[in-house]
Amino acid sequence: MTVLFWILGILAVPTAIFLLWLLWVFLKELFSPSPDDDGDTDADADADAARAAKAAAKLGLLPVERQNTDLAAPLPEQWAAALAAVRGGDWQPAADLLAAVGRDWDRRSALAYVLADQAAEEDAWLLAWEAARPDDPDAAVVRARSTVILAWKIRGAKKAKYTTQEQFEGFHRTLTSARQDVARAAALNPDDPTPFVAEIWVALGLGYPNARMDELWTEITSRAPHHYEAHFSALQYWCAKWRGSERLAREFAERAAAGAPLGSLLTVLPLIAHFEHDESDDTEADNTPEMRARVEAALADAAAADPSHPRLPELRHLLAYYLHLQGRNEAALEQFRLVDGYVNALPWRHDSDMAGYYCRVRNTTVALAEEEATAGV
């Protein structure tokens with residue numbers, strides 16, 4: 001019997017040790033819990049983001065709160081002055097500036113849009129201009145553009161399922177009215193493609209059939225065959241989310257880019273078509289030989305363009321994005337430096353936090369470029 005007790009005692013020792021160890025682990029976790037793995041991951045990510053933001057700041061790049069979310073680039077000084085004047089009720093500087101632009105159709109459409117966007121918010125100054133010069137084609141084109149812009153403001157930027165019936169009714173009613181303004185502006189200045197560019201957004205909203213869009217496109221290209229805004233707008237029409245398909249959008253983009261002279265910026269169109277239809281969660285589709293060739297073509301286009309081209313910053317934003325996705329971070333950083341401070345452009349524009357999205361990608365680019373430089377890549 002004594003032997004049995006000895007055996008049981010010997011067996012009980014490791015059991016007691018194990019139970020004491022479990023108690024120690026329990027008490028340790030109770031009073032000093034181990035960090036959660038997800039917490040570690042989040043903390044590391046936050047630390048990396050902070051380091052990247054600090055590196056960007058050292059290069060003079062601006063933080064989130066200083067990014068302009070209304071524009072893709074700063075307005076030329078004279079444009080900003082004219083815009084300030086109309087906000088104060090004085091239309092004369094805007095009229096003088098638009099007249100001075102003359103037949104530079106890309107610049108004319110861009111300036112008309114800036115003025116029209118303001119008129120869609122408050123148009124007393126435009127009404128005064130129209131009263132003083134009833135048949136002024138410049139006032140007429142601003143009116144046509146402003147009516148189209150107003151229609152889209154009424155609709156709102158949300159998807160159809162989040163848009164009310166009242167919004168849709170106001171949208172369609174205003175777009176229908178805009179067709180009269182477009183026709184009048186076109187009649188007052190028959191050489192100007194700008195009214196027809198505005199009508200593309202009428203076509204998109206009212207659902208012009210493809211054949212009618214083709215007729216509208218002929219009106220534009222007979223006046224300005226390589227007009228940037230016209231091509232950008234038409235590409236939206238041909239996208240699958242509106243009145244076309246992925247195939248039609250890509251074909252339109254490739255055809256326009258192939259026939260355009262360097263400096264027209266139209267090499268951006270295949271990049272936009274890709275962006276609008278890319279639903280992948282990785283960067284494989286952005287790194288194909290075809291996509292790398294598109295980026296190279298766009299780089300050459302940007303280098304050949306007039307530095308003051310009003311749409312050049314839009315190309316640079318997309319170049320910065322795709323160069324980063326292709327691991328070409330030093331080249332991407334060069335483009336980021338040229339556009340920093342203004343973020344209302346693709347690809348950031350589609351994100352609810354434009355400035356935040358832009359700065360995350362830009363800061364990551366800065367950090368990777370520094371790592372590559374240190375490693376001698």
Side-chain angles (χ1 to χ4, degrees), residues 98-99 101-117 119-120 130 135-152 171-172 174-239 242-245 248-261 263-270 272-273 309-311 314:
L98 198 53
V101 167
R103 297 174 64 87
D104 184 336
W105 302 130
D106 273 304
R107 209 170 301 274
R108 177 177 174 81
S109 71
L111 176 57
Y113 184 92
V114 168
L115 296 172
D117 189 49
E130 291 169 322
D135 294 322
D136 187 341
D138 294 343
V141 79
V142 173
R143 173 61 68 191
R145 300 219 70 172
S146 72
T147 309
V148 175
I149 292 170
L150 177 61
W152 285 92
F171 173 56
H172 292 136
T174 308
L175 279 184
T176 300
S177 173
R179 291 168 59 184
Q180 299 173 3
D181 292 334
V182 166
R184 182 169 183 271
L188 288 171
N189 191 353
D191 291 341
D192 185 8
T194 312
F196 300 103
V197 175
E199 192 177 356
I200 292 176
W201 293 92
V202 178
L204 197 153
L206 293 183
Y208 283 17
N210 291 173
R212 188 170 178 186
M213 177 61 189
D214 288 338
E215 293 172 1
L216 175 58
W217 191 239
T218 298
E219 295 286 357
I220 293 169
T221 53
S222 65
R223 292 166 171 81
H226 307 299
H227 193 286
Y228 179 91
E229 188 189 350
H231 281 83
F232 174 86
S233 302
L235 177 55
Q236 294 300 310
Y237 172 93
W238 291 112
C239 283
W242 288 111
R243 307 300 173 184
S245 65
L248 289 173
R250 290 186 184 277
E251 287 178 354
F252 173 83
E254 295 290 353
R255 184 167 59 249
S264 66
L265 309 184
L266 296 190
T267 54
V268 75
L269 296 175
I272 296 174
H309 193 299
R311 305 294 181 172
E314 296 175 29

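Not measured: the values here are computed from a predicted model. The figures that follow rest on heavy atoms only: side chains count, while hydrogens, waters and symmetry mates do not.
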Rounded to the nearest 0.5 angstrom, the OG1-CE distance for T218 and M213 is 10.0 Å

Gap separating the CD1 atom of I149 from the OG1 atom of T147, nearest 0.5 angstrom | 9.0 Å

Within the side chain of D106, is there an N or O that forms a donor-acceptor pair under 3.5 Å with the backbone of H309?
-> no

List for me each residue that meets salt bridge (Lys or Arg N to Asp or Glu O under 4.0 Å) alongside R145, sequence neighbours excluded, and say none if there are none.
-> E229

Say you draw a straight line from CG of N189 to CG of D135; how long is it, rounded to the nearest 0.5 Å?
-> 12.5 Å

Rounded distance (nearest 0.5 Å) linking atom CG of L248 with atom CG of N210 | 6.5 Å

Excluding sequence neighbours, so at least two apart, what forms salt bridge (Lys or Arg N to Asp or Glu O under 4.0 Å) with R250?
-> E246

Taken in chain and number order and not counting sequence neighbours, the residues that satisfy side chain to side chain contact (heavy atoms under 4.5 Å, CB included) with P310 are W79, R107, A110

Of all pairs that satisfy salt bridge (Lys or Arg N to Asp or Glu O under 4.0 Å), the ones with a partner from residues 199-222, not counting sequence neighbours | E219-R223

Kindly compute the distance separating CH2 (W238) from CD (E251), expressed to the nearest 0.5 Å.
-> 10.0 Å

Donor-acceptor contact below 3.5 Å, side chain Y208 vs main chain L216 = no

Shortest non-hydrogen contact between P193 and I220, atoms and distance = CB-O, 4.4 Å

Heavy atoms of L150 and A120 approach each other most closely as CD1-O, 3.9 Å

Donor-acceptor pair, side chain of R243 and main chain of L204, under 3.5 angstrom | yes

Tell me, which pairs form a salt bridge (Lys or Arg N to Asp or Glu O under 4.0 Å) where one or both residues lie in residues 189-198, sequence neighbours left out?
-> R103-D191, R108-D192

Atom of W201, atom of V148 and distance for their closest heavy-atom approach | CB-CG1, 3.7 Å

Pairs involving residues 201-210, ordered by first then second residue, that meet salt bridge (Lys or Arg N to Asp or Glu O under 4.0 Å) (sequence neighbours left out) | none

For the residue pair A178 and V202, what are the closest heavy atoms and their distance?
-> CB-CG2, 4.3 Å

A253 and P270 have their tightest heavy-atom pair at CB-N, 3.7 Å

Return the set of residues passing side chain to side chain contact (heavy atoms under 4.5 Å, CB included) with T176 (not counting sequence neighbours), or none when no residue passes.
-> L206

Which residues pass the salt bridge (Lys or Arg N to Asp or Glu O under 4.0 Å) test with D181, sequence neighbours left out?
-> none

Report yes if some heavy atom in the side chain of Y228 is under 4.5 Å from a heavy atom in the side chain of V268; otherwise report no.
-> yes

Sequence-distant partners of S146, side chain to side chain contact (heavy atoms under 4.5 Å, CB included), two or more places apart | A116, A119, L126, R143

A112 and L98 have their tightest heavy-atom pair at N-CD1, 4.3 Å

Residue set satisfying ring-ring contact (aromatic ring centres under 6.0 Å, His included) with W217, at least two apart, ordered chain then number -> H231, F252

Quick one: ring-ring contact (aromatic ring centres under 6.0 Å, His included) partners of F171, sequence neighbours excluded?
-> W152

With sequence neighbours excluded, residues passing salt bridge (Lys or Arg N to Asp or Glu O under 4.0 Å) with D136 = R133

